[in-house]
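Right, one structure below, let's go through it.
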Amino acid sequence: MTMKKLFLLAFIFFLVVNALNAQVFQFNSLGFLPGQTKVVSISKTFESFEIINAENNELVFKGEAEGPYEQADVNCKVWNADFSKLQQTGTFLMKIDSGELSPEFKIADDVYNASFKTSMRAMYLWRCGTAVSGDFNGEHYEHAACHLQDGWLDSIGIPNQQKDGTGGWHDAGDHGKYVVNAGITVGMMFMAWDQFNDQLKNVQLDLPETAPGFPDFLKELKWEIDWLLKMQYPDGSGKVSHKLTRTNFSGFIMPEDDDQKRYFTDWSSAATADFVAMMAQAARYFKPYDQAYAQKCLDAALVSYQFLSENPESKQFRQRFGTGGYQSADADDRLWAAAEMWETTGKKVYLKDFEAQLTELEKMADENWDWGNVKNMGTYTYVLSTKKGRNKKLLAKAQAAVIEVADTIVAKGKKDVFNRPLGTRYYWGCNGTVARQVLNLYVANQLQADPKYRETSLNAIGHLFGRNVYGRSYVTGIGMNPPMNPHDRRSGADGIVAPWPGYIVGGGQHATDWKDEQASFQTNEIAINWQAALVYALAGFLK
């Protein structure tokens, strides 16, 4: 028997054993930071538990069961084992009084480092227009250079002509590229850099040298920005194509085998505004590493912002393709664009535009948000800015809105049986929202420091990596009994049993309907906007 087959059998055995244990134990399978709250939910009656050092079998903690706790949407009853007082580092397991042993878990300062790197490298593995490769858990993943004919201009009124549209990231389980979904993705990742660059600047992601002198985290973002610059119309108007895709989805084939024509689509005002916001951010964060490139990004943003100013009506693109729609009204996108232009340039005209738009909003921040509503991005840039000139009353109102939303998230997490901060709300892509709520909590903590925001953030991560009704990780290749059949064309076409690693799947549209099946795009697809939220959530806890 070959070593590869032995590894595969061992891997399957590991999954089976962990799946059986996970029916009883639900917890953050990445592990715990020494000083954080540490709770394991257990779906079986017990009265006491022990924590045992897995390396020497030493008993290190004893505790009593708390509960039971019931919740209708997850249709289960659980008891909690709280061992927060244990701050000893190492590898441990839990034993309950009926004899069951949990899977092993770690307590360490760096429990999130490896998962962050794998999740961030997943962005690199999404690259379009180039060959990519990587090794993980004994498997080699690769695809050849793809979509080198991107793209055709027929859909914007220039028949039978091409313009360079190569590069960027594949958007999700398909091979398309979409500007609106890039918006929230790039925006969150730039915010991660802004807020956690001390931790991120030295992270080595083993990337090809596509941006000399850039830290690896920004190097990956530049790959997407390079592509986005190509999405402006060739006529210099500043309009930005909504997406670049074929006319319908491909089958489950590798990217290099997807040889159907792909087209720049009609423009939309949402895509144009998101483009402005991303380019303004890029100008800011890339300037220390390449001033000329940063100026190129700002120049592109200026052209598109001017176009939006002269064309204030919302314009959705004409959806004539069968690929992802990402249709969106543009008020939130324009708000975000103005905020980033002001933060980058300091010019009052952009602050005036932003504050006028913010004044019109009934709610200045939202608890539940994604690509279709990036209002929070603009509000967060505004409230965290150190620039002068903001309207004090409006600023105070915006700050209060941010804190109110964060407190709502904390309250919902406390009421949930698994401390899930989105509470009992489920829908397509809700796992991404759970991760994204960490940004809400971080901003609130910057405005009004409170340990509850950090604890709720860690509960969000814990839910994604196993403290849920399934007792499973929602991220491929990482954690306890992770997804094996994501809706991802590479994973379905490469002939390897284990899927491409590091990707968060969307999650069920109800609490108990997640299906780890390739065909279940409604619950098991991967997507860059959810991935960026996971990257952000993990980045804040790097050591």
Side-chain angles (χ1 to χ4, degrees), residues 4 7-9 11-12 14-16 18-19 22 118-119 121-123 125-128 132 134 136-144 146-147 169-178 181 245-246 248-260 322-325 426-432 435 464-466 468-531 534:
K4 185 173 182 179
F7 172 80
L8 180 57
L9 287 173
F11 182 66
I12 293 172
F14 169 80
L15 291 178
V16 170
N18 277 276
T118 302
S119 298
R121 266 189 60 81
M123 303 302 298
L125 294 174
W126 250 321
R127 284 191 183 188
C128 181
V132 302
F136 186 82
N137 281 353
E139 294 287 1
H140 182 71
Y141 299 88
E142 65 178 356
H143 74 68
C146 60
H147 305 114
W169 298 316
H170 298 135
D171 176 78
D174 65 287
H175 304 316
K177 298 184 287 193
Y178 306 82
N181 206 35
T245 73
R246 45 189 278 163
N248 50 41
F249 290 122
S250 74
F252 275 73
I253 57 177
M254 294 299 286
E256 62 267 32
D257 297 325
D258 181 18
D259 56 6
Q260 236 186 54
T323 52
Y426 289 82
Y427 50 83
W428 188 350
C430 60
N431 283 344
L464 298 173
F465 286 96
N468 52 58
V469 68
Y470 305 100
R472 297 183 62 180
S473 167
Y474 285 119
V475 182
T476 60
I478 305 176
M480 186 164 56
N481 194 13
M484 290 298 292
N485 305 289
H487 186 85
D488 169 35
R489 279 156 176 76
R490 298 162 306 165
S491 295
D494 65 1
I496 300 172
V497 173
W500 286 51
Y503 294 99
I504 186 170
V505 299
Q509 298 189 68
H510 300 91
T512 57
D513 68 350
W514 172 43
K515 296 178 181 178
D516 186 12
E517 299 173 1
Q518 179 178 284
S520 183
F521 61 88
Q522 304 95 330
T523 73
N524 217 36
E525 189 168 12
I526 62 175
I528 58 173
N529 53 319
W530 310 332
Q531 193 69 23
L534 177 64

I need the minimum non-hydrogen distance between [X] and [Y], along with the two atoms involved.
{"X": "Phe249", "Y": "Thr323", "answer": "CZ-CA, 3.6 Å"}
{"X": "Ser250", "Y": "Arg246", "answer": "CB-NH1, 3.3 Å"}
{"X": "Ala122", "Y": "Gln531", "answer": "CB-NE2, 3.7 Å"}
{"X": "Glu525", "Y": "Ala172", "answer": "OE2-CB, 3.4 Å"}
{"X": "Ala435", "Y": "Leu464", "answer": "CB-CD1, 3.8 Å"}
{"X": "Arg472", "Y": "Met484", "answer": "NH2-N, 4.5 Å"}

Tell me whether [X] contacts the main-chain N or O of [Y] through its side chain, where contact means a donor paired with an acceptor under 3.5 Å.
{"X": "Glu517", "Y": "Asn485", "value": "no"}
{"X": "Asp513", "Y": "His510", "value": "yes"}
{"X": "Tyr426", "Y": "Thr512", "value": "no"}
{"X": "Asp171", "Y": "Gly176", "value": "no"}

Check whether any side-chain heavy atom of [X] lies under 4.5 Å from a side-chain heavy atom of [Y], and answer yes or no.
{"X": "Trp500", "Y": "Ile526", "value": "no"}
{"X": "Asn137", "Y": "Pro501", "value": "no"}
{"X": "Arg121", "Y": "Phe136", "value": "no"}
{"X": "Cys128", "Y": "Lys177", "value": "yes"}
{"X": "Phe465", "Y": "Leu534", "value": "yes"}
{"X": "Thr476", "Y": "Pro483", "value": "yes"}

- Message: Check the orientation of His143 and His170. Use parallel for under 30°, tilted for 30 to 60°, and perpendicular for over 60°.
- Response: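 If you compare the ring of His143 with that of His170, the planes turn out tilted.
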- Could you label the plane-to-plane angle of the Trp126 and Tyr503 rings as parallel, tilted or perpendicular, counting under 30° as parallel and over 60° as perpendicular?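 The rings of Trp126 and Tyr503 stand perpendicular, inter-plane angle above 60°.
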How long is the straight-line distance from [atom2] of [Y] back to [atom1] of [X], given to the nearest 0.5 Å?
{"X": "Leu125", "Y": "Trp169", "atom1": "CG", "atom2": "CH2", "value": "12.5 Å"}
{"X": "Tyr474", "Y": "Asn524", "atom1": "OH", "atom2": "CG", "value": "10.0 Å"}
{"X": "Glu256", "Y": "Arg490", "atom1": "CD", "atom2": "CZ", "value": "11.0 Å"}

- Query: Are Arg489 and Asp258 close enough for a salt bridge, meaning some N to O gap below 4.0 Å?
  - Reply: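 No.
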- Task: Apply side-chain contact (heavy atoms from CB on, under 4.5 Å) to the pair Tyr178 and Thr245, showing each step before the final yes or no.
- Result: CA-CA 8 Å; Tyr178 306 82; Thr245 73; 3.8 Å; yes
- Message: Under the criterion side-chain contact (heavy atoms from CB on, under 4.5 Å), I'd like the reasoning laid out for Asn248 against Gln260: C-alpha separation, chi angles, the key distance, then a yes or no.
- Response: CA-CA 10 Å; Asn248 50 41; Gln260 236 186 54; 3.8 Å; yes
- Is the Trp428 to Phe521 ring centre distance short of 6.0 Å?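 Centroid separation for Trp428 and Phe521: below 6.0 Å.
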